[in-house]
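Everything below concerns the one structure shown next.
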Amino acid sequence: MKRAPGPAGPYPAPTLPRPARLLVVAAYVLLAAAVCVDLASDPRLTFSPVLGTAPVLASIGTRRARVPLVTGAVALVLVAPLTLADPEVPVALHVTAAFTVLALTCISAANVVLVSTRERELLRSRSVASAAQQALLRPVPERVDGLRVAVRYLAAAADAQVGGDLYEVLTTPFGVRLLIGDVRGKGLGAVETAADVLGTFREAAQVEAELGAVARRLDATVRRRGVGEEFVTAALLTVPRSGETVELVNCGHLPPLVRRDGRVSAVGAGDLDADPPLALRELAEGSYRPTAFAFGKGDLLLLYTDGVTEARDAAGRFYPLERRLAALPESAPGVLTDRLVADLLAYVGGELADDAALLAVRRD
């Protein structure tokens, strides 16, 4: 199992979007032009109050308080030559401009300190939740009972809250059982729910012959938590040791994808009577209904969370997972998931807004 690398040092200042950078540069140009005009124009006119914008501009996009402090000091020094250049302007106006620069410098520096402190606290909180989540998601075997398996987990951007994505691969008396899911919500609460679901699955998958019974126990686990409107979408699968039929119980999760002979199809994508997410089973009639689908030698099965399919490019378009999966020539799960991860990150510009998980299985 591989994970996206996390931040190794202090939280860096975010890069300003290009339009914002252009606006800041334009503001600096106007400020410089105002100073030049003041020095060269009518001595009865002054632009010294506009120097108060300098520390404000300097505070944009930085997480170091000394940047607006130094800029404010330079602006304060410039008030003196403007005072000499405009002898017919009342001294009180220049003094007011100096105090304005001083006040805005202090405010800008304080704002930088406040923002950087809050970002450090957010990063620290997210790191705790992320560490707890990673401790729960155990590495999966690369080969198990005639299957080749690969998992890739991608953490969201550092300023996003950690999600509740979960997965598991187990060898059981009934075959290899797979789980992938997504907790509704973020932060430590979602991680705690994921821990409960994984713990129940690891026990129930070994003793329950029916996959629907495993799903019922997971549903009961989430309901017992009783945390507001919390629920979990999940897909449970049993891959038997013999035969080419896989059993699926889909609890409101995204449909698994099967790639066969270069074509990709979604399993149960058009089923309007799909089972509800975990914790919501009692709101619908009936019991869990397993679905069977073919999974033969050389086929590839891909399970994933909505952090993949809801990732957007710069134009706001969703990531076309089915089309990209069909276009990739790789068949080994590890190589294929690495290619998907690289393609996904390139598609979104390098950062995901939500955690994402990919679980690929190929029958040898």
Side-chain angles (χ1 to χ4, degrees), residues 1-3 129-155 162-185 190-222 225 231-241 246-257 267 275 277-279 288 290 295 300-308 333-334 337 355-363:
M1 180 186 68
K2 294 184 179 179
R3 303 179 189 273
S130 181
Q133 185 182 44
Q134 292 180 14
L136 293 171
L137 302 178
R138 304 183 304 198
V140 302
E142 294 184 3
R143 291 181 179 271
V144 52
D145 284 359
L147 303 176
R148 297 181 67 181
V149 182
V151 170
R152 299 294 182 263
Y153 177 83
L154 292 84
V162 67
D165 290 5
L166 55 101
Y167 54 82
E168 185 58 284
V169 178
L170 297 174
T171 301
T172 75
F174 317 104
V176 178
R177 281 185 162 165
L178 313 172
L179 168 69
I180 192 161
D182 190 358
V183 181
R184 178 186 182 274
V191 175
E192 291 172 357
T193 301
D196 288 345
V197 171
L198 286 169
T200 300
F201 177 77
R202 288 163 182 164
E203 192 273 331
Q206 299 289 349
V207 299
E208 298 288 357
E210 296 183 3
L211 197 58
V214 179
R216 284 194 297 271
R217 291 183 58 172
L218 296 182
D219 178 79
T221 294
V222 182
R225 285 184 55 81
F231 62 84
V232 181
T233 66
L236 295 75
L237 300 93
T238 299
V239 184
R241 291 182 174 83
V246 172
E247 184 181 28
L248 163 70
V249 171
N250 192 332
C251 305
H253 198 71
L254 297 164
L257 300 178
V267 179
D275 288 311
L278 302 176
Y288 288 105
F295 183 54
L300 184 126
L301 172 67
L302 183 67
L303 309 176
Y304 52 97
T305 59
D306 60 9
V308 178
T337 49
D355 288 4
L358 291 163
L359 172 56
V361 181
R362 182 175 183 269
R363 191 189 288 277

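Counting from 1, the numbers follow the sequence of the chain as shown.
Residues Q206 and P173 approach most closely at OE1-CD, 3.4 Å, considering heavy atoms. Scanning all heavy atoms of the two residues, the minimum distance from A356 to G307 falls at CB-C, 3.7 Å. Residues T171 and R241 come closest through the heavy atom pair CG2-NH2, 3.6 Å. In plain terms, the two heavy atoms of V183 and A194 that are nearest each other are CG2-N, 4.0 Å. Across every non-hydrogen atom of P255 and V267, the tightest pair is CB-O, 3.3 Å.
Two residues are said to be in side-chain contact when any heavy atoms from C-beta on lie closer than 4.5 Å; V149 and V144 meet this criterion. L179 is not listed as a side-chain neighbour of Y167, based on a closest heavy-atom distance of 4.5 Å or more. Contact of the C251 side chain with the Y288 side chain is registered, since non-hydrogen atoms from C-beta on lie closer than 4.5 Å. Between R225 and T193 there is a side-chain heavy-atom pair separated by less than 4.5 Å. For the pair R202 and L198, the minimum side-chain heavy-atom distance is below 4.5 Å. Counting heavy atoms from C-beta on, the side chains of Y304 and L257 come closer than 4.5 Å. Between L170 and V176, the closest side-chain pair of non-hydrogen atoms is not below 4.5 Å. Residues L301 and L178 are in side-chain contact: their nearest non-hydrogen atoms beyond the backbone lie under 4.5 Å apart.
One distance of note links CG of L147 with CZ of R143; it measures 10.5 Å at 0.5 Å rounding. Remark: L248 CG to T238 OG1 distance equals 9.5 Å, nearest 0.5 Å. E247 contributes atom CD, which lies 11.0 Å from atom CZ of F174 (distance to the nearest 0.5 angstrom). Separating the CG atom in L359 from the CD atom in E168 is a distance of 10.0 Å, to the nearest 0.5 Å.
Only one option out of V232, V249, L236 pairs with L218 in a side-chain contact (heavy atoms from CB on, under 4.5 Å); it is L236. Applying the side chain to side chain donor-acceptor pair (under 3.5 Å) test between T305 and each of D182, T233, D165 identifies D165 as the sole match.
Ion pairing between R217 and E203 holds under the 4.0 Å rule for side-chain N and carboxylate O. In this structure, E208 does not pair ionically with R216, as no charged nitrogen and carboxylate oxygen lie closer than 4.0 Å. Ion pairing of R148 with E142 is absent here, as no side-chain N (NZ or NE/NH1/NH2) approaches a carboxylate O to less than 4.0 Å.
Listed for the R177 side chain is a donor-acceptor partner under 3.5 Å among the backbone atoms of A205. The backbone N or O of V197 sits nowhere less than 3.5 Å from a side-chain atom of T200 that would complete a donor-acceptor pair. Side-chain atoms of R363 come within 3.5 Å of backbone atoms of F295 as a donor-acceptor pair (strictly under, hydrogens ignored).
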Verdict with reasoning, L302 to L358, per side chain to side chain contact (heavy atoms under 4.5 Å, CB included): CA-CA 7 Å; L302 183 67; L358 291 163; 4.2 Å; yes
Stepwise side chain to side chain contact (heavy atoms under 4.5 Å, CB included) test for T337 and V151: CA-CA 7 Å; T337 49; V151 170; over 6 Å; no
